[in-house]
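Below: one structure, written as structure tokens.
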Amino acid sequence: MTTQLAQSLTGFAPAAKQRAARPRSVAVRAAAQRETDPKKRVVITGMGVASCFGNEVEPFYNQLLEGVSGVDYISRFDASDFPTKFAAQIKDFDVGDLVDKKNARRYDDCLSYTMVASKKALQAAGLEKGANPEGYGSLDKTRVGVLVGSGMGGLTVFQDGVKALVEKGYKKITPFFIPYAITNMGGALLAIDQGFMGPNYSISTACATANYAFVSAANHIRNGDADVMVAGGSEAPIIPVGLGGFVACRALSQRNDEPQRASRPWDAGRDGFVMGEGAGVLIMESLEHAQKRGATILAEYLGGAVTCDAHHMTDPHPEGLGVSTCIELALKDSGVERDEVNYINAHATSTLVGDKAEVKAIRKVFNDLSHVKMNATKSMIGHCLGAAGGMEAIATIQAIRTGWVHPTINHENPIEEVAGIDVVANVKQQHNITAGISNSFGFGGHNSVVVFAPYKA
């Protein structure tokens with residue numbers, strides 16, 4: 001790997017080598033009106049999670065509210081020879097009765113996380129085949145789609161397949177190698193299990209994957225392609241090749257003496273991100289469909305947007321150009337004015353360059369942040385890559401529902417860029433959210449922003 005790439009990932013590139021900033025983005029005015037057509041309004045009726053805090057949404061969010069860190073030393077394999085020895089690893093994962101035991105043994109963890117989080121979300125919405133036969137029976141299966149993506153797919157299956165090829169020859173490669181490694185298989189398996197015949201594909205835009213899935217899923221509903229979409233992201237990268245790959249990029253924190261204090265967004269002592277894993281899935285439904293079946297509505301998806309920096313493979317635009325444009329477009333799509341937004345669940349990975357660039361972009365869009373609370377879920381569960389947006393959407397919706405926003409932990413010596421912004425340092429706060437945005441950005445310059453709000457009839 002070149003020194004230039006390593007510097008761009010860690011943020012240590014000398015100023016003289018930073019690419020010159022491009023012209024400022026053209027302001028995009030937010031639309032004055034929100035969607036009113038119940039066929040096109042998109043609401044959230046279920047949520048499901050697989051996380052280092054377990055597979056239930058309420059306990060997951062309660063741990064976040066209490067400022068608990070899910071980061072610990074890696075126990076899944078011997079990481080003693082790696083310069084980073086910790087992650088926000090899921091331990092003792094239990095599929096329960098959501099995946100049959102035969103498949104549970106075969107599946108890559110990425111697939112298991114997808115199935116568990118998706119089925120939990122369907123159960124919460126009253127639409128899962130086994131747990132909710134009445135609600136499930138009322139569905140037009142041709143109008144239910146699945147869009148659960150992954151940034152890296154079945155990495156364990158891929159690693160094991162390559163190892164078998166090298167050590168024992170091609171005849172020892174499992175026939176599940178290709179099917180379980182590709183990123184679309186999680187959504188396909190869920191559709192097969194549940195009989196859903198609507199739009200079904202995967203998106204893979206690195207760490208922006210889940211938000212891209214939400215935007216696309218909502219558009220399928222708005223366009224009349226589906227009544228219900230199961231959408232989100234899943235990732236299972238905490239294995240030797242995953243850890244080794246990010247170590248090679250010099251992207252990870254090496255705070256091995258204090259792993260629970262390693263993920264520290266916007267703190268001057270940050271030294272890289274902490275790997276996480278899991279899945280976050282939403283049931284997105286047209287308001288008309290949800291009302292007809294008497295569903296409990298958790299929140300409303302108002303809109304979202306995706307853009308590309310077109311700047312660098314791994315480094316964000318130093319002035320946050322693509323990000324600020326993405327926020328503006330998301331607000332326009334949502335029909336939300338800037339001053340209506342009073343909560344931001346930031347991407348905030350605890351990297352030297354990324355944390356600063358995101359705040360610069362936010363300041364470009366919002367002239368007044370005095371009424372806004374901004375926090376970083378990754379300070380507790382690490383960076384869950386393709387699943388990050390899904391898990392952070394759940395955190396955003398729970399903040400809307402509970403009136404409490406979780407803290408950004410390990411915030412001890414704030415960088416100057418966040419001066420004057422309430423980052424909910426170290427202790428949860430009460431907050432009545434009018435509209436909240438959730439940011440996710442990925443390698444390749446992929447930007448995504450989604451907007452949620454309390455549902456109002």
For a side-chain contact (heavy atoms from CB on, under 4.5 Å) check, start with the C-alpha distance between N132 and L127, then their side-chain angles and the critical distance, and finish with the verdict. CA-CA 6 Å; N132 317 105; L127 297 174; 5.6 Å; no

Under a 3.5 Å threshold, yes or no: a donor from one side chain and an acceptor from the other, between Q429 and N375? no

Is there a side-chain contact between I203 and L147 (heavy atoms, below 4.5 Å)? yes

Is it the case that over 12 heavy atoms from other parts of the model lie below 6.0 angstrom from the NZ atom of K373? yes

Could you tell me if T377 and H406 have a donor-acceptor pair between their side chains, going purely by distance under 3.5 Å? yes

Donor-acceptor pair, distance only, cut-off 3.5 Å: does the side chain of N184 make one with the backbone of S202? no

Residue pair R264, D271: steps toward the salt bridge (Lys or Arg N to Asp or Glu O under 4.0 Å) verdict: CA-CA 9 Å; R264 44 200 315 112; D271 69 326; over 6 Å; no

E128 and K120 ion-paired at < 4.0 Å: no

Rounded to the nearest 0.5 angstrom, the CZ-OG distance for R363 and S324 is 14.0 Å

Just by distance, with hydrogens left out, do D227 and S286 show a side-chain donor and acceptor under 3.5 Å apart? no

Which heavy atom of V241 sits nearest a heavy atom of Q159, and at what distance? N-OE1, 3.1 Å

Donor-acceptor under 3.5 Å (N223 side chain, D225 main chain): no

Is L282 close to V230 at the side-chain level, that is, under 4.5 Å between some pair of heavy atoms? no

Return the orientation label for the F177 and F158 ring planes: parallel under 30°, perpendicular over 60°, tilted otherwise. tilted

For D355 and R270: C-alpha separation, side-chain torsions, deciding distance, then whether side-chain contact (heavy atoms from CB on, under 4.5 Å) applies. CA-CA 10 Å; D355 285 10; R270 69 198 187 285; 3.3 Å; yes

Looking at side-chain heavy atoms only, is the closest gap between V372 and I421 below 4.5 Å? no

Can a donor-acceptor pair be found, under 3.5 Å and without considering hydrogens, that links the side chain of E277 to the backbone of Q89? no

Keeping H347 on the side-chain end and F441 on the backbone end, is there a donor-acceptor pair under 3.5 Å? yes

Is any side-chain heavy atom of L243 closer than 4.5 Å to one of P240? no

According to side-chain contact (heavy atoms from CB on, under 4.5 Å), who are the partners of K428, at least two apart in sequence or on a separate chain? L65, E66, W404, P407

Taking the side chain as every heavy atom from C-beta outward, state whether L190 and I192 have any pair of such atoms under 4.5 Å apart. no

Give a yes or no answer on whether the side chain of S216 reaches the backbone of A213 with a donor-acceptor pair at less than 3.5 Å. no

So do P316 and E358 actually touch side chain to side chain, heavy atoms under 4.5 Å? no

Looking at every heavy atom in both V450 and V215, which two are closest together, and how far apart are they? CG1-CG2, 3.9 Å

Distance (rounded to the nearest 0.5 Å) between L155 CG and I238 CD1: 11.0 Å

So do L287 and V42 actually touch side chain to side chain, heavy atoms under 4.5 Å? no

Under the ring pair (Phe, Tyr, Trp, His ring centres under 6.0 Å) criterion, do F443 and H312 qualify, and how do the steps go? CA-CA 9 Å; F443 280 3; H312 190 274; 9.4 Å; no

For the pair Y212 (side chain) and A206 (backbone), establish whether a donor and an acceptor sit closer than 3.5 Å, ignoring hydrogens and angles. no

Are I44 and F452 side-chain neighbours, meaning at least one heavy-atom pair lies under 4.5 Å? yes

Among R222, R293, R143, R41, which residue satisfies the salt bridge (Lys or Arg N to Asp or Glu O under 4.0 Å) criterion with E285? R293

Do K141 and Y136 meet the cation-pi criteria used here (NZ or CZ under 6.0 Å from the six-membered ring centre, within 45° of the axis)? yes

Tell me if a side-chain donor or acceptor on N447 pairs with a main-chain N or O of V306 at a distance below 3.5 Å. no

From OG1 (T402) to CD1 (I397), nearest 0.5 Å: 12.0 Å

With a 6.0 Å cut-off (strictly less than), is the heavy-atom count around CZ of F246, excluding the residue itself, greater than 12? yes

Please confirm whether the backbone N or O of S438 pairs with a side-chain atom of N211, one donor and one acceptor, at under 3.5 Å? yes

For F214 together with Y301, are the ring centres under 6.0 Å from each other? no

For the residue pair H311 and H317, does the interplanar ring angle fall in the parallel (under 30°), tilted (30 to 60°) or perpendicular (over 60°) class? tilted

Of all heavy-atom pairs between M391 and C384, which one has the smallest distance, and what is that distance? SD-SG, 3.6 Å

Tightest non-hydrogen contact, residues A376 and P265, listed as CB-CG, 3.6 Å

Within the 3.5 Å criterion, strictly below it, is a donor on N439 or S448 matched to an acceptor on the partner's side chain? no

Looking only at heavy atoms, what is the nearest atom pair of P454 and T434, with distance? CD-O, 3.4 Å

So, does T84 use its side chain to make a donor-acceptor pair with the main chain of S253 at under 3.5 Å? yes

Take N62 and F53 through the test side-chain contact (heavy atoms from CB on, under 4.5 Å) and record every step on the way to the result. CA-CA 9 Å; N62 287 339; F53 296 141; over 6 Å; no

Would you say the side chains of N410 and D267 form a donor-acceptor pair under 3.5 Å? no

Neighbour count above 12 (heavy atom, 6.0 Å) for N432 CG: no

Quick one: pull up OH in Y343 and CD1 in I437 and give me the separation to the nearest 0.5 Å. 10.0 Å

Go through the steps to decide whether E412 and R261 satisfy the test salt bridge (Lys or Arg N to Asp or Glu O under 4.0 Å), and finish with yes or no. CA-CA 10 Å; E412 299 165 352; R261 289 162 51 81; 2.6 Å; yes

How far apart are the C-alpha atoms of K91 and R76, what are their side-chain angles, what is the distance that settles it, and do they pass the side-chain contact (heavy atoms from CB on, under 4.5 Å) test? CA-CA 8 Å; K91 299 178 181 179; R76 185 172 296 156; over 6 Å; no

Would you please indicate yes or no on a ring centroid separation below 6.0 angstrom for Y107 and F176? no

Quick one: does S204's side chain have a donor or acceptor within less than 3.5 Å of a partner on S150's backbone? yes

Smallest separation among heavy atoms of P83 and V247, with atom names: CG-CG1, 3.4 Å

OG/S69 to CZ/F86 distance, rounded to the nearest 0.5 angstrom? 10.0 Å

Rounded to the nearest 0.5 Å, what separates atom CD1 in I90 from atom CG in D109? 8.0 Å

